[in-house]
Amino acid sequence: MSKLSTFGVVLMGAIISTGCSSSDADAPVSWEIGDPTTTDYPEDYYAGGLLGTTSVNTASAFEQPTKAVENAGMMTAFNEGEYLFEKDYNSNTEGAFHGLGPVYVRRGCLYCHPGYGHGARQTSYKADTHRNGYLLVVYDKKTNAYIRSVAGMPQTGAVKPFKAPIDENKITITWNEYTDEWGNQFPDGESYSLIYPEVKIDYSAFYAPVMVQRGGVDVTLTEAEYNNEIGVLLESTIGIYGTGLTDAIPDDSITKQWEKESNFYNSIGKTDALNPAMWNQSTNTWNSYYSNSLQGDGTKYVRRYTYAMSRGPILDAAGANAIWNITNVTRPDRRYHYLDLAGTYYAKKSSQDPDVQEGFTEYINRIDPDKAHPEWHTGNLESDIYTYLTSKTLDAEMSQDQYKNLMIWHRGLAVPAARNTTTEDFKEGKKLFSQIGCANCHRPSWTTGDDHIQDPNKLFGDNDMPRYPKQKIWPYTDFVQHRLWMKNDIRTGWCRTTPLWGRGLASKCGSGVERMHDCRARNVMEAIMWHGCKNEGGTSDAYNAVLKFRELTKQQRNQVIYFIESI
C-alpha cells in the first residue's frame, strides 16, 4: 500500500459530521488541520511529537509511517512488515503466510484490528468475522484466574484433523439495557442509552475437560460446577497506531506517575485505590514487574500494555505476542505451539481422539515430509500426536527477518494529528476536560526519553528499530489501572486507562467506533456515563468527574465530546 508523505501536507476545508458544534448540533463543521511544517501551531496538534505525527486524516490515517521510520531508512522494512500484518495466514508449509494452526484465534491481524484500530461491537462470536476484535475471557470466579484447559486467549479455530478448543457455535452474546442511578437522563432532560454484554459458553463447547486450580492442584469441573464457578467476559482490541511512541516513555516516568497517584490517594485515606497486584501503596513500590526468562534473561521492566498491564516493552508486548499466538505461527524464538495454560490438556485430548488419529499421518507427513522429527513418526499415534503438539523444537514458520520487519512496522506507526485545534469548541472542550477531572486519569501528555530500545527477548537493539527521543506526545492516558465498577465489569475490575488519541477518526478508517474494553459504549457520551457507576461493590474512580459532567450545559457537554473526538 503506498504511503502519503508524513509531513508537509496542508488539508483545508475538510468536512466532517459531528454532533458537537456550538451553533448547530447536527450541522457539519469545516475545519483546518494545519501545516505541521510550521512552528506556530498548538503543541497538542502534534499528537505524536515532531517525529511521530502524521497530517494524513483520510481513511488510511492509522496506517502511516512516522518521520522516524523515514529518517532511519526503514521504509522498505516498514512496508514488508505491513504486508505481514494485512494478509491471512494459511496451513501451507511454505510461503510468506504459511504455518497457521494447528489451532488458532484468528487467521490474520485485520480481523481484530480493522483499519489498524479498535475492534467493533459484535452480537455473535465468529473468528472469521471481519472487525470482530473480541477475545474470550474464560475465568474462575473464585480466584479471577483464567481456567487451565484453554489458552489465555482461547482458540475457536483449528486446522484438520485437529478440533477447536471451543466450539464457537455454542457461544452466545446478549446485549442488555442498563439504567444508571440518574435514570439515563441529564438534569436538562437529554437522555442516553447504556448497554452491556453477557456471554455464555455451553459446557459442551469445550473440547478438553474444564480445569481450574484449587489449592495449587488442577481439578476437573462438572457441568454444575462450571455453571456456578466459571465466568465469561469479552475484551476487545484497541488501536495499534502510536504504540511505538508510548514505548519510548521512560520506565521511571511511568513509575513516578504511579507514585504521584499513590501519594494523592494516601493523602485522602483511600488505601485501596491502586491494584495491589501491581503496586504497594504503603511503600510506593512495584509489586510486579514484567520479565521474560524464557526467551530473555529475566530483566525487569515496568508494565505498560494491555488492559491488565500484562506486558512491558512493545518488543515483547501484545503485538509481538499476537503474531505468534493468535495464528500459532512459530518463529525462531518461539518454536512451540500456543495451546492451553497448563500446556497438556488439549494435547492429551487430541492424542486420544479417533478422528484426530485418523487424519494425523497425512497431516504430519505434509508438515514434516523429510521426517526431520522422527519422534512424530513412530507409528504410535497417541504418542506421536502428543509429542508433536507439545514439542519445543518445532521448525520456525516466520523468519527472523520477517519478524523484525513486522516490529519495525509496529513501532513505526504514526499518530494522526489532532483536529479542530483552532476552533472555539475544541478550546472550550479542552478546558472543560481538565476542569471536571477527566485529565486526572487521561493524562494529556508525556515526554519520551533517549529511547534506547528495550527488548525482553534480547533480539533487537537501538539500530534495529525506529526511535523517538525527546518527543512531547499526547496519548491521554496515565498508564495506571483504575476501577469503574461497571455491570459485568472487566476481569479483576482493574483496567489500564486507554489512550484517547486518534479515536475520532475510527469511522473514517473503518475501525470500530465503540469504546470501553468490551465495546459497550457506542459513542463518547455512553463511554463517559459508564465512568459514573456506583453500586454495592464500590464507586467508580471517575464518579466525581461524571457528576461534574452532568452539571454542564448541553453545549458544554457537546464541547467535551467534540474535544475527545478531535484529539
Side-chain angles (χ1 to χ4, degrees), residues 18-20 22 42-45 47 118 180 182 186-187 190 192 194 238-239 242 246 254 257-258 260-261 264-265 268 270 273-274 307 415 418-421 423-446 472-486 490 494-504 506 513-517 520-534 538-567:
T18 177
C20 303
S22 60
E43 63 176 353
D44 55 349
Y45 165 88
H118 200 291
D180 63 20
W182 304 290
F186 292 103
E190 182 184 13
Y192 50 89
L194 298 176
I238 68 170
T246 57
I254 294 177
Q257 180 67 25
W258 280 76
K260 177 183 176 181
E261 297 194 26
F264 167 75
Y265 286 123
I268 62 174
K270 192 174 180 180
L274 299 177
Y307 300 118
V415 178
R419 294 142 326 271
N420 313 320
T421 56
T423 66
E424 288 304 311
D425 281 343
F426 182 94
K427 295 173 184 176
E428 287 301 310
K430 178 181 179 180
K431 182 171 65 176
L432 291 166
F433 184 84
S434 291
Q435 285 180 351
I436 66 176
C438 301
N440 293 340
C441 296
H442 288 283
R443 171 179 165 173
S445 68
W446 293 78
K472 189 170 186 179
I473 62 175
W474 300 77
Y476 291 89
T477 173
D478 58 1
F479 293 97
V480 176
Q481 287 184 308
H482 299 281
R483 289 179 294 187
L484 300 184
W485 297 101
M486 296 182 292
I490 195 168
W494 298 97
C495 187
R496 188 201 70 161
T497 306
T498 300
L500 299 179
W501 56 3
R503 288 295 307 283
V513 299
E514 296 86 356
R515 300 191 181 227
M516 310 301 288
H517 72 281
R520 65 176 61 197
R522 294 161 290 186
N523 52 52
V524 176
M525 176 74 81
E526 291 180 18
I528 293 172
M529 297 315 298
W530 270 117
H531 283 63
C533 294
K534 185 177 184 181
T539 301
S540 167
D541 290 349
Y543 184 78
N544 289 332
V546 174
L547 287 180
K548 293 177 182 177
F549 181 76
R550 285 179 46 79
E551 295 170 359
L552 301 178
T553 66
K554 178 177 174 61
Q555 177 179 328
Q556 290 175 320
R557 295 195 301 270
N558 284 344
Q559 287 171 332
V560 172
I561 295 171
Y562 185 82
F563 168 74
I564 292 172
E565 292 279 44
S566 300
I567 55 180

Original post:
Okay, side chain of His442, backbone of Thr477: is any donor-acceptor separation there less than 3.5 Å?
Top reply: no

**OP:** Can you label the angle between the Trp182 ring and the Tyr543 ring as parallel, tilted or perpendicular, going by 30° and 60°?
**Re:** parallel

Original post:
Minimum heavy-atom separation for Trp485 to Cys533, with atom names?
Top reply: O-CB, 3.3 Å

Side-chain donor-acceptor contacts of residues 520-528 below 3.5 Å, not counting sequence neighbours, with atom names and distances?
unit_1: Arg520; atom_1: NE; unit_2: Asp518; atom_2: OD1; d: 3.1
unit_1: Arg520; atom_1: NE; unit_2: Asp518; atom_2: OD2; d: 3.2
unit_1: Arg520; atom_1: NH1; unit_2: Lys487; atom_2: O; d: 2.8
unit_1: Arg520; atom_1: NH2; unit_2: Lys487; atom_2: O; d: 2.9
unit_1: Arg520; atom_1: NH2; unit_2: Asn488; atom_2: O; d: 2.8
unit_1: Arg520; atom_1: NH2; unit_2: Asp518; atom_2: OD2; d: 2.9
unit_1: Arg522; atom_1: NE; unit_2: Glu526; atom_2: OE1; d: 3.2
unit_1: Arg522; atom_1: NE; unit_2: Glu526; atom_2: OE2; d: 3.2
unit_1: Arg522; atom_1: NH2; unit_2: Ser193; atom_2: OG; d: 3.0
unit_1: Arg522; atom_1: NH2; unit_2: Glu526; atom_2: OE2; d: 3.1
unit_1: Asn523; atom_1: OD1; unit_2: Met525; atom_2: N; d: 3.2
unit_1: Asn523; atom_1: OD1; unit_2: Glu526; atom_2: N; d: 2.9
unit_1: Glu526; atom_1: OE1; unit_2: Arg522; atom_2: N; d: 3.0

**OP:** Rounded to the nearest 0.5 Å, what's the gap from NZ on Lys554 to CG on Asn558? Could you check?
**Re:** 5.0 Å

Original post:
Which heavy atom in Asp478 sits nearest to a heavy atom in Asn440, and how many Å separate them?
Top reply: OD2-O, 4.0 Å

Subject >> Donor-acceptor pair, side chain of Glu565 and main chain of Tyr562, under 3.5 angstrom >> reply: no

**OP:** Output yes when a side-chain donor or acceptor of Arg443 lies under 3.5 Å from a complementary backbone atom of Ser445, and no otherwise.
**Re:** yes

Original post:
Would you say the side chain of Leu500 lies within less than 4.5 Å of the side chain of Phe563, judging by non-hydrogen atoms?
Top reply: no

Original post:
What is the distance from atom CZ of Phe433 to atom CZ of Phe549, rounded to the nearest 0.5 Å?
Top reply: 11.0 Å

Original post:
Is there a donor-acceptor pair under 3.5 Å between the side chain of Gln481 and the backbone N or O of Tyr307?
Top reply: yes

Subject >> Side chain Ser434, main chain Lys431, donor-acceptor under 3.5 Å >> reply: no

Original post:
Is Asn420 reaching over with its side chain to a backbone N or O of Ser566, donor-acceptor style, under 3.5 angstrom?
Top reply: no

**OP:** State whether the side chain of Arg419 and the backbone N or O of Tyr45 hold a donor-acceptor pair below 3.5 Å, judged by distance alone.
**Re:** no

Original post:
Which distance, rounded to the nearest 0.5 Å, do you find between the CD of Gln556 and the NZ of Lys548?
Top reply: 13.5 Å

Subject >> Spatial distance of atom CZ (Arg483) from atom SG (Cys495) [nearest 0.5 Å] >> reply: 13.0 Å

Original post:
Hey, is the main chain of Val480 close enough, under 3.5 Å, to the side chain of Thr497 for a donor-acceptor pair?
Top reply: yes

Subject >> Sequence-distant partners of Trp446, ring pair (Phe, Tyr, Trp, His ring centres under 6.0 Å), two or more places apart >> reply: Phe479

Subject >> Option passing side-chain contact (heavy atoms from CB on, under 4.5 Å) with Ile238 (candidates Arg503, His517, Arg515, Arg496) >> reply: Arg496

Original post:
Are there more than 12 heavy atoms of other residues, nucleotides or ligands under 6.0 Å from atom NZ of Lys270?
Top reply: yes

Original post:
Do Arg557 and Phe186 meet the cation-pi criteria used here (NZ or CZ under 6.0 Å from the six-membered ring centre, within 45° of the axis)?
Top reply: yes

Original post:
Can you tell which of Asp44, Val415, Ile567 makes a side-chain contact (heavy atoms from CB on, under 4.5 Å) with Trp501?
Top reply: Val415

Original post:
Does the side chain of Leu484 come within less than 4.5 Å of Met516's, by heavy atoms?
Top reply: yes

Subject >> Pair Asp425, Gln559: side-chain N/O donor-acceptor within cut-off below 3.5 Å >> reply: yes

